[in-house]
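A short write-up of the structure that comes next.
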Amino acid sequence: MSQRPDSHSVRRIVLPSGRSIEVVRFSSPEESSILGLNVCPECQSGLVQPVQWGETAGGFWELTLLCPNCEWLTEGVFSQDQVDEFEEHLDEGLAEMLADLRRLTQANMAEEIDRFTAALQTDLILPEDF
């Protein structure tokens with residue numbers, strides 16, 4: 001029976017002396033898929049976002065992640081598959097925000113049109129207003 005390779009994340013910690021160490025945390029693929037990179041392990045918020053990223057050797061990515069909800073911050077090395085899944089979550093979030101913006105813009109424009117129409121009907125807008 002062959003074992004599946006463990007995924008890992010690396011957290012860089014700066015000691016008071018100024019030296020830095022890297023703490024490597026191994027987890028099974030099942031554990032790492034329970035919480036995606038977009039979910040904060042501290043507060044469970046799904047709003048974790050990358051603040052720095054860079055490609056490393058072997059097709060891995062070094063990411064610095066921030067939770068805007070609780071200010072949790074971590075740095076780790078993640079596989080291309082993990083980053084691809086994270087990117088999908090970010091793309092979905094962007095699509096949701098753009099859809100919300102579109103709905104809000106339409107609601108605001110509809111309200112402005114209603115006010116303009118009401119002002120025209122009550123003769124509150126005159127030719128010299130233009």
Legend entry - Value rounded to 0.5 Å, distance of CD in Glu87 from CG in Leu37: 11.5 Å
Legend entry - Heavy-atom check, side chain of Thr64 versus side chain of Leu73, under 4.5 Å: yes
Legend entry - Heavy-atom check, side chain of Ile125 versus side chain of Phe130, under 4.5 Å: yes
Legend entry - Leu101 side chain near Met97 side chain, heavy-atom distance below 4.5 Å: no
Legend entry - Any side-chain heavy-atom pair of Leu65 and Phe86 under 4.5 Å: yes
Legend entry - Interatomic distance, Glu111 atom CD to Arg115 atom CZ [nearest 0.5 angstrom]: 5.0 Å
Inset, instruction - Could you tell me whether the side chain of Thr74 reaches within less than 4.5 Å of the side chain of Pro41, counting heavy atoms only? - result: no
Inset, instruction - Starting at CG of Leu98, measure out to OG1 of Thr105 and round the result to the nearest 0.5 Å. - result: 10.0 Å
Inset, instruction - Might you confirm whether atom CD of Gln52 has over 12 heavy atoms from other residues, nucleotides or ligands at distances under 6.0 Å? - result: no
Inset, instruction - Can you measure from CD (Glu75) to CG (Leu63) and round to the nearest 0.5 angstrom? - result: 9.0 Å
Inset, instruction - Quick one: do Glu112 and Asn108 satisfy side chain to side chain donor-acceptor pair (under 3.5 Å)? Show the steps, please. - result: CA-CA 6 Å; Glu112 285 184 33; Asn108 285 342; over 6 Å; no
Legend entry - For the student: nearest non-hydrogen atoms of Leu66 and Pro68, plus distance: O-CD, 3.5 Å
Inset, instruction - Please round to the nearest 0.5 Å and tell me the distance separating atom CD of Gln49 and atom SG of Cys40. - result: 11.5 Å
Legend entry - Verify same cluster id: Leu90, Leu47 (apolar side-chain graph, 4.5 Å): no
Inset, instruction - Measure from the side-chain N and O atoms of Asp129 to the backbone N and O of Leu126, and report whether any donor-acceptor pair falls under 3.5 Å. - result: yes
Inset, instruction - Mind listing the closest non-hydrogen atom pair of Ala118 and Thr122 along with its distance? - result: O-OG1, 2.9 Å
Legend entry - Gap separating the CZ atom of Phe60 from the CD atom of Gln80, nearest 0.5 angstrom: 10.0 Å
Legend entry - pair Trp72-Cys43: side-chain heavy atoms closer than 4.5 Å: no
